[in-house]
Every structure is written in structure tokens, then in C-alpha cells.
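One structure is given below, encoded as C-alpha cells.
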2 protein chains.
Amino acid sequence: MRELCLPLGLTEEELQRLDDLVSNRRRLKRGDRLYSFGAPFDAIYAIRSGFFKTDVLLEDGREQVTGFQMAGELLGLDGISSEHHTCNAVALEDSEICAIPFSRLEVLSREIHTLQHHFHKVMSREIVRDHGVMMLLGTMRAEERLAAFLLNLSQRFTARGFSHADFYLRMTREEIGSYLGLKLETVSRTFSRFQEEGHIAVQQKHVRILDVAGLKALMNYRG
Amino acid sequence: MRELCLPLGLTEEELQRLDDLVSNRRRLKRGDRLYSFGAPFDAIYAIRSGFFKTDVLLEDGREQVTGFQMAGELLGLDGISSEHHTCNAVALEDSEICAIPFSRLEVLSREIHTLQHHFHKVMSREIVRDHGVMMLLGTMRAEERLAAFLLNLSQRFTARGFSHADFYLRMTREEIGSYLGLKLETVSRTFSRFQEEGHIAVQQKHVRILDVAGLKALMNYRG
DNA sequence: CGGTTTCTTGATTGGGATCAATAGGAGTGG
DNA sequence: CCACTCCTATTGATCCCAATCAAGAAACCG
């Protein structure tokens with residue numbers, strides 16, 4: 001966890017102060033909301049374990065999933081700008097988080113330079129990630145989107161010590177579709193096509209990646 | 001400019017130090033790049049005047065415009081995460097910017113709390129904006145996308161003291177299309193349709209908004 | 001001016017949406 | 001443990017919006 005979400009090179013005393021900062025834990029069950037659109041913002045959240053989605057709703061009910069987050073990642077950065085959350089964060093499995101009071105984080109990051117810089121990097125990384133999603137939504141075809149999605153998940157599971165090639169999806173086809181700008185039927189069909197072509201083996205939420213190179217090849221060429 | 005991009009409630013001395021921070025100016029001509037993908041990051045940029053686009057390129061040449069920026073807005077936040085820029089920033093008209101050395105910004109924001117908080121808000125606002133673009137790309141139809149685009153531009157021009165209803169586009173149909181996930185022909189056709197329906201008057205890059213309510217109504221209903 | 005870029009409009013195509021039906025699992029309570 | 005229900009996933013048939021292909025027209029610029 002530390003390697004993923006904390007800056008390196010801190011003194012013992014600094015680590016202690018950070019530990020105090022993130023001492024406020026909370027458990028959530030599948031389906032629970034960590035926060036909702038419009039709720040007052042006062043903390044960001046580090047995921048200790050579990051899996052989340054964030055989404056935005058249009059007045060007419062359309063949903064856009066803006067991201068899936070797993071252990072070691074942060075939630076709630078959207079709330080800083082207006083002091084209110086601008087999306088919903090929902091646990092997709094039983095999860096545990098640390099609440100990090102934002103005002104205390106700002107105080108501490110004035111005193112620990114590496115923490116300040118690390119936090120800036122995390123926010124910037126989120127912006128870069130969002131640009132990647134825009135690219136995906138704006139220019140890619142259904143196959144490319146789903147391939148990119150699977151490879152991204154695979155890479156993040158790997159970074160957490162799980163298998164890169166064998167995992168369970170925590171989200172439904174509809175949620176994947178919402179994230180990728182596709183309908184659930186298209187997601188399902190594309191999974192089936194990938195399976196027919198030997199790129200993956202998929203049974204409901206269980207996915208095995210059989211041909212990483214093949215998925216990567218799907219991503220950059222039209223046809 | 002100050003109202004748009006600086007925190008309020010600073011002392012004279014603090015304002016002076018900020019002025020020093022942003023003293024490094026630079027002029028760009030239409031078509032010039034402020035920075036390119038892969039370039040080392042060492043500063044963020046405040047736009048004093050002019051108009052920019054940022055974009056990301058795929059290996060096969062596909063372009064995704066990730067945003068259009070105007071006076072008072074910041075460029076370069078993407079570069080913090082990896083110390084290298086992850087997109088291109090191109091002037092769409094002759095422009096002037098201030099370079100803000102990032103390490104100096106971090107130093108100063110440790111000392112001026114309101115600057116620190118303001119900077120965090122600006123980064124967060126960028127994340128929220130990106131979520132809006134995802135919603136647009138993931139769930140909206142062509143008409144809705146273009147209506148949202150025009151209303152957003154209108155609102156930002158208004159905030160800068162320009163007419164909300166009469167302005168010149170700085171970008172081509174192709175760039176609008178790239179931003180909105182549409183082809184240039186679709187952008188052109190949709191402009192024409194809006195004109196036929198009396199929502200706008202458009203002649204090349206000159207746009208007049210005739211019916212704000214009509215455009216807003218287009219955004220939330222299917223059909 | 002002449003050349004080039006940008007924009008508009010028409011005809012046709014195609015990828016993903018929609019509509020529809022069924023099957024598979026998971027969770028619940030008896 | 002099984003029966004029931006509900007949610008989720010798969011697959012087929014058809015439709016439609018935006019992409020593509022194509023041809024001019026308009027505007028910009030050196």
C-alpha cells in the first residue's frame with residue numbers, strides 16, 4: 001500500500017504524522033456509497049481494500065461512470081474545487097477506506113515537501129488518466145475500447161501483486177459499458193468476439209487473458 | 001485576469017511575490033506550440049491573452065483534442081505527474097502567456113496558504129471539467145454535444161466580459177469534432193441544422209446564439 | 001490573384017444502438 | 001437444501017445516427 005500511495009524518503013517522524021492523518025478508517029459493504037453528488041467535501045479517501053466506481057448522473061437519468069478505483073488509489077479529488085462532491089463513489093465490493101481530512105492534508109503538505117509534491121503528482125496523474133479516457137471515448141472503436149480497458153485492469157492488478165491474466169471483474173457489463181461509452185449488449189458481444197478469436201476466456205465476471213499481444217494489436221489499427 | 005486566476009484576500013506583500021512568480025512572459029504566434037508531448041516539465045502557464053488547444057495523439061495519427069483554453073486559464077498541469085508533458089499545447093491565435101516555474105510555485109504555496117488552496121482548487125476543477133467531457137463523449141448525441149460546447153464557450157466568453165451571444169470560433173470544424181468525438185462533416189451539418197431551427201446564426205467561424213433556451217433544451221432530452 | 005485550407009452539402013455505408021427473447025447465477029427465505 | 005425471484009449476461013434481428021466517400025464552394029493567405 002505504502003509504495004503505491006505514499007511518497008518515499010520520509011523520516012520516521014514524518015511517517016508517524018502521516019499515519020495519524022490517515023488513521024480514520026471506515027468499512028463499506030457492496031453497494032454502499034462513500035459519498036454522493038452534492039455532499040459537502042471535507043476529506044479525500046485512500047482505498048485500503050476493495051473496489052469502487054465513480055459516476056456522474058444527468059438529470060434525465062443517463063449515467064457516466066468516470067472511473068474504477070482499487071486499493072492504493074484516491075477518491076474524492078473532485079470535491080476540492082467547489083467544496084462539494086461532484087460525483088458519486090460506490091463500493092463494488094466490501095471495502096475499507098481511510099478518510100484523510102483535507103484541511104489537515106494541506107497543513108501537513110506545507111511542512112513535508114515531499115508530501116506536497118506527491119499530492120500534486122497524484123492530482124496531475126488523475127488529469128492525465130482522464131485525457132486517456134477522452135481519447136478512448138472520442139476516437140476508439142468498441143473493440144479498441146474494451147481491449148484498452150482489459151489491459152489497463154490487468155496492469156493495475158499486476159501492480160498490486162495479483163495475476164495479470166486471471167481476474168474477476170467487480171463491475172457489471174452495464175457499468176463497463178457506461179465507462180466505455182457503449183451499451184451493455186455491445187460489451188457482451190465484444191467479449192464473446194474476443195473469446196472466439198482466442199484473445200481471452202470469459203465466463204460471466206471471470207476473465208482470463210490469453211493473448212496480451214493480440215489485445216494490444218487490436219488497439220492501434222482500424223479494421 | 002486577477003479575478004479569474006488568482007486567489008482573493010492577499011496582502012500587498014504577497015501580491016508582490018506572486019507578481020514576481022509570473023513575471024516570465026512569452027508571446028506565441030498562431031500555430032506555435034507552447035509545449036509538446038514528451039517535453040520536460042518545469043513550468044505551468046497562465047494565459048494572459050489568446051486561445052489554445054491541447055491534444056493527444058495516438059501512434060496511428062488519430063488526434064483527441066482534450067480542451068480549449070482562453071485568457072485566465074492554466075496550461076501544463078498534465079506535466080506534473082511524470083515531469084514530462086503528456087499532451088501538446090498549440091496557440092490557435094496570437095497569444096501571450098506567463099510561465100510559472102513549478103518548483104517556485106510549490107515553495108510559495110507552502111508560505112501563502114490561500115495560494116496553496118487556490119492551486120488545489122484549480123487542479124480539482126480541471127478534473128471536474130474532464131468528467132463533464134467524459135459525460136459528453138460517453139452519453140450524448142451529436143446535437144447535445146455541440147449545444148453543450150456552444151453554451152460552454154458562451155459562458156466562458158461572458159465571464160471575460162465578451163458577448164455571450166456573438167463570437168468568433170478560434171478552432172476549425174475538425175478541431176471541434178475531435179474535441180466532441182465527431183467528424184468534421186457532422187459538426188458542419190449540426191451547425192447548419194441549428195441554424196435552420198433558429199437556434200443560432202453561423203457563418204464560417206462567426207457564431208451568434210439566438211436562442212439559449214432552445215440550445216439548453218436540446219441537451220437533456222432524447223429525440 | 002492562385003493555391004490551399006476550410007467549410008458545406010449530398011449519397012451511401014456501417015457500427016453500434018435498440019428491441020426482444022432466453023438463459024445463467026446469485027441471493028433470499030422457507 | 002431447494003425453490004423462487006431478481007439481477008445479469010448472452011445472442012439474434014432490425015434500425016438509425018454518424019461515418020465515410022465525394023464534389024464543390026467559400027474564405028484565407030502569401
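Order of the sequence lines fixes the chain letters, A, B, ..., with proteins taken first and strands second; residue numbering starts at 1 for each chain.
- Residues satisfying the side chain to side chain contact (heavy atoms under 4.5 Å, CB included) criterion with A:Leu58, sequence neighbours excluded, are A:Asp60, A:Arg62, B:Met135, B:Thr139, B:Met140, B:Asn220.
- In this entry the distance linking CG of A:Leu146 with C1' of C:dG16 reads 14 Å, nearest Å.
- Near DNA chain C, meaning a heavy atom under 4.0 Å away, there are no residues from residues 166-173 of chain A.
- A:Arg62 has its CZ atom 14 Å from the C1' atom of C:dA17, to the nearest Å.
- The ring-ring contact (aromatic ring centres under 6.0 Å, His included) check on B:Phe52 picks up nothing, with sequence neighbours excluded.
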Quiz item: Would B:Glu83 and A:Lys121 satisfy salt bridge (Lys or Arg N to Asp or Glu O under 4.0 Å), going step by step from the backbone distance to the final call?
Solution: CA-CA 9 Å; B:Glu83 323 264 354; A:Lys121 283 192 170 192; 3.1 Å; yes

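- Qualifying side chain to side chain contact (heavy atoms under 4.5 Å, CB included) partners for A:Phe37, counting only residues two or more places apart in sequence or in other chains: A:Asn88.
- Mapped onto DNA chain D by nearest heavy atom, B:Arg30 and B:Ala142 fall at different nucleotides, with B:Ala142 at the one closer to the 5' end.
- Listed by chain and residue number, B:His206 satisfy the ring-ring contact (aromatic ring centres under 6.0 Å, His included) test with B:Tyr168 (two or more places apart in sequence, or in another chain).
- Partners of A:Phe51 by ring-ring contact (aromatic ring centres under 6.0 Å, His included), not counting sequence neighbours: none found.
- Rounded to whole Å, atom P of D:dA26 lies 19 Å from atom NE2 of B:His206.
- Bending across the helix from C:dC1-D:dG30 to C:dG30-D:dC1, expressed as the angle between its end axes from five pairs apiece, amounts to 60° (10° rounding).
- We find that CD of B:Glu143 is positioned 11 Å from C1' of D:dC17, with the value rounded to whole Å.
- Residues forming a ring-ring contact (aromatic ring centres under 6.0 Å, His included) with A:Tyr45 (at least two apart in sequence, or on another chain): A:Tyr35.
- Looking at heavy atoms from C-beta onward, B:Glu126 lies out of side-chain contact with B:Met123 at the 4.5 angstrom threshold.
- Rounded to whole Å, atom P of D:dT8 lies 8 Å from atom CD of A:Glu175.
- Salt bridge status for A:Glu196 with A:Arg189: absent, with no side-chain N to carboxylate O gap under 4.0 Å.
- With sequence neighbours left out, the side chain to side chain contact (heavy atoms under 4.5 Å, CB included) criterion links A:Arg193 to A:Glu143, A:Thr190, A:Glu197.
- The phosphate of C:dG15 (OP1 or OP2) has no side-chain N or O of A:Lys183 nearer than 4.0 angstrom.
- One finds no salt bridge joining B:Arg173 and B:Glu185 here, because no Lys/Arg side-chain nitrogen approaches an Asp/Glu carboxylate oxygen to under 4.0 Å.
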Practice problem: Go through the steps for B:Phe167 and B:Phe162 under the test ring pair (Phe, Tyr, Trp, His ring centres under 6.0 Å), then give the verdict. | Solution: CA-CA 8 Å; B:Phe167 47 83; B:Phe162 299 112; 10.0 Å; no

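- With a 6.0 Å radius and a threshold of 12 heavy atoms from other residues, nucleotides or ligands, B:Glu174 has its CD atom at or below the threshold.
- Contacts between residues 184-192 of chain B and DNA chain D, defined by a heavy-atom separation under 4.0 Å, are made by B:Glu185, B:Thr186, B:Arg189.
- Computed from coordinates, the B:Gln204 CD to C:dT8 C1' distance equals 9 Å when rounded to whole Å.
- DNA chain C is contacted by A:Gln203 of residues 193-203 of chain A, taking any non-hydrogen atom closer than 4.0 Å.
- Taking the side chain to side chain contact (heavy atoms under 4.5 Å, CB included) definition, one finds that B:Ala39 meets it with B:His85, sequence neighbours left out.
- Contact between the side-chain N/O atoms of A:Lys205 and the OP1/OP2 oxygens of D:dA9 is found at a separation under 4.0 Å.
- Look at CE on A:Met140: it is 18 Å from C1' on D:dA19, rounded to the nearest Å.
- B:Gly177 comes within contact range of no nucleotide atom at all, as no heavy-atom separation falls under 4.0 Å.
- In this structure, A:Leu92 places its CG atom 17 Å from P of D:dC7, rounding to the nearest Å.
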